[in-house]
Amino acid sequence: MTKYQPVIGLEIHAVLETRSKMFDDAPVVDSTHGAPNIAVSPVSAGMPGVLPVINQRAVEYALRVALALDCEIALTSIFERKSYFYPDLPKGYQISQYQHPLARNGELTIHTSQGEQVVRIRRVHIEEDTGKLTHVEEDGENYSLVDLNRAGVPLLEIVTEPDLHSVEAVRAYAYGLRAVLRYLGVNSGNLEKGLLRIEPNISLRPKGSEEMGTRTEIKNLNSFRTLERALSYEIERQTEVLNSGGDIRQQTLGWNEAEQVTVPQRSKEEAEDYRYFPEPDLPPLVLEQSWVDEIRAGLPELPYTKQQRFVQQYQLKQGRAALLVEDQAVAEFFEAAMGAAQDIEARLVANWITGDLFSHMNDSGEDIEDLKLKPANLGTLVQLVSSGEINQPTAKGVLAEMLGSGRSPAEIIEEHGLGQISDTGQIEAMVSEVLAANPDELAEYHAGKEQLAQWFFGQVMRTAQGQANPQLLRMELERQLSESKQ
Ligand code: ADP
Ligand code: MG
């Protein structure tokens with residue numbers, strides 16, 4: 001057992017996926033498509049003398065998030081200049097919010113193996129993204145390319161209090177927040193494309209201590225997997241440093257994927273001086289309360305609320321419910337399947353979705369909305385299994401066909417004659433046939449080799465080509481075995 005408790009706070013940058021940029025009308029383009037520098041206006045190129053204009057839709061998106069996170073909204077917030085030099089920042093400063101952010105004091109509830117936890121959110125503010133540098137080394141030449149497509153794209157920064165104490169909690173928070181952003185339609189949640197960037201700050205402290213240790217910050221994590229790996233590594237590394245009597249240096253770290261280690265990028269011992277001051281080219285951002293109220297009223301049922309409702313209403317386990325609510329369309333599919341008839345077993349529907357459907361979607365790259373399979377037909381399929389009309393292996397085959405053709409389970413079962421044999425007369429005949437054909441095994445069974453009952457079961461099932469109702473078959477087999485004893 002380690003004597004330290006990890007203390008982790010997250011800074012998350014989410015691109016607000018609006019049509020145009022934060023302060024001008026250049027389009028927001030997908031980073032993986034098109035050529036560099038095709039979405040650059042004089043404003044995002046940082047030309048002198050041009051003026052920024054606030055994108056109202058971006059503010060609306062930011063408000064949706066801030067309200068969903070139960071923040072206090074500042075009806076007046078201020079854009080400020082954060083000055084620093086970098087080749088992907090032609091203005092020499094980034095417009096951000098600092099002293100007077102759009103929103104503060106929010107929270108997001110998460111669920112882990114330790115139970116429910118409320119993670120406090122310190123602030124939510126709007127800023128603009130920078131451009132992108134590509135460092136090239138070829139034929140002895142060494143240079144960097146600047147692409148300003150991303151410069152000026154609206155970003156939302158969401159900063160937590162240092163309330164997270166395990167990799168599991170970080171994972172739950174990161175997935176939970178991503179689900180919120182997706183439900184609100186403001187961000188598609190793609191870490192690989194850099195649309196969502198998660199930067200953990202991490203320190204250790206002796207268990208029971210209230211003081212905070214010196215922290216490191218990890219940047220450029222482009223998947224949930226690297227987030228978890230980098231954090232685990234960093235907890236381990238800091239533990240070893242402290243155990244050997246060393247001190248943690250306050251640093252910004254990167255993640256080396258090849259070596260699976262964190263590596264120092266720059267030292268943070270001196271606080272950066274960004275010379276923040278209010279952006280003179282923009283007025284304060286003043287919101288009308290009625291607009292804020294309207295946006296609040298338009299929020300959908302949020303993922304965590306939905307998760308708790310699923311647990312209550314359908315008696316699902318937290319983990320299963322969490323999987324279903326992560327994507328709103330999946331949650332809708334589940335409820336539509338449940339609505340197909342009375343008393344469909346929710347646990348089974350959830351199992352089919354998170355098992356067979358997810359793996360099918362993984363293989364085919366389809367979203368749940370793209371499936372030919374209609375949710376009501378999944379509900380019906382589950383019912384056919386519960387009522388014993390078809391067995392589980394048959395159902396798997398039927399589902400595969402439903403996914404391929406979109407036809408109803410009834411049609412498929414009818415066409416292939418897949419209905420389960422539940423006719424007692426038929427089962428009785430098959431059992432006696434098998435017992436009569438295997439007199440030696442029957443004698444051994446009666447002499448005490450009881451495990452042969454299972455073997456007989458298998459023989460009859462084979463005769464029935466797997467379609468005998470297993471409960472009826474077992475009962476009938478038991479009856480005939482004990483009757484054949486004398
Ligand atoms: P900065 O602006 O320098 O990045 P902040 O004080 O705003 O720093 O904190 C950034 C993030 O780091 C927040 O999520 C906060 O909760 C977290 N944090 C601050 N101090 C610590 C610490 N000692 N250990 C772990 N996380 C911390
Ligand atoms: Mg920071």
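Counting starts at 1 for both ligands and their atoms, in listed order. FYI, the numbering just counts along the sequence from 1.
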ask   = Could an N or O of ligand 1 be found under 3.5 Å from any N or O of Gly213, whether backbone or side chain?
value = yes
Arg122 neighbourhood, listing ligand 1 atoms whose heavy-atom distance to it stays under 4.0 Å = 5 (P), 6 (O), 7 (O), 9 (O), 15 (C), 16 (O)
query = Does the side chain of Phe334 reach to within under 4.5 Å of the side chain of Tyr314, using non-hydrogen atoms?
reply = yes
message = Has Asn149 got a side-chain atom pairing as donor or acceptor with Ile38's backbone, closer than 3.5 angstrom?
response = yes
ask   = Looking only at non-hydrogen atoms, which of Ile158, Thr252, Val7 approaches atom 25 (C) of ligand 1 most closely?
value = Val7
ask   = In terms of atom number and element, which parts of ligand 1 are under 4.0 angstrom from non-hydrogen atoms of Thr160?
value = 13 (C), 14 (O), 15 (C), 16 (O)
key: Glu161 neighbourhood, listing ligand 1 atoms whose heavy-atom distance to it stays under 4.0 Å   = 16 (O)
inquiry  = Can you check which of Glu217, Arg215, Glu11 brings a heavy atom nearest to atom 3 (O) of ligand 1?
reply    = Arg215
query = Are Arg104 and Glu72 within salt-bridge range, i.e. N to O under 4.0 Å?
reply = no
request  = Heavy-atom contacts with Met212 under 4.0 Å: which atoms of ligand 1 show up? List them by number with element.
outcome  = 20 (N), 21 (C), 22 (C), 23 (N)
message = Quick check: Val159 and ligand 1, any N/O pair under 3.5 Å apart?
response = no
query = Any cation-pi pair here, Arg81 with Phe277, using under 6.0 Å and within 45°?
reply = no
ask   = Going by the atom numbers of ligand 1, which of them fall below 4.0 Å from some non-hydrogen atom of Leu10?
value = 14 (O)
key: Note: Glu234-Arg237 ion pair, threshold 4.0 Å (strictly below)   = yes
task = Run the salt-bridge test on Glu128 and Lys21 with the 4.0 Å N-O cut-off and return the result as yes or no.
result = no
query = Can you find a pair of side-chain heavy atoms, one from Leu108 and one from Ile121, that are under 4.5 Å apart?
reply = yes
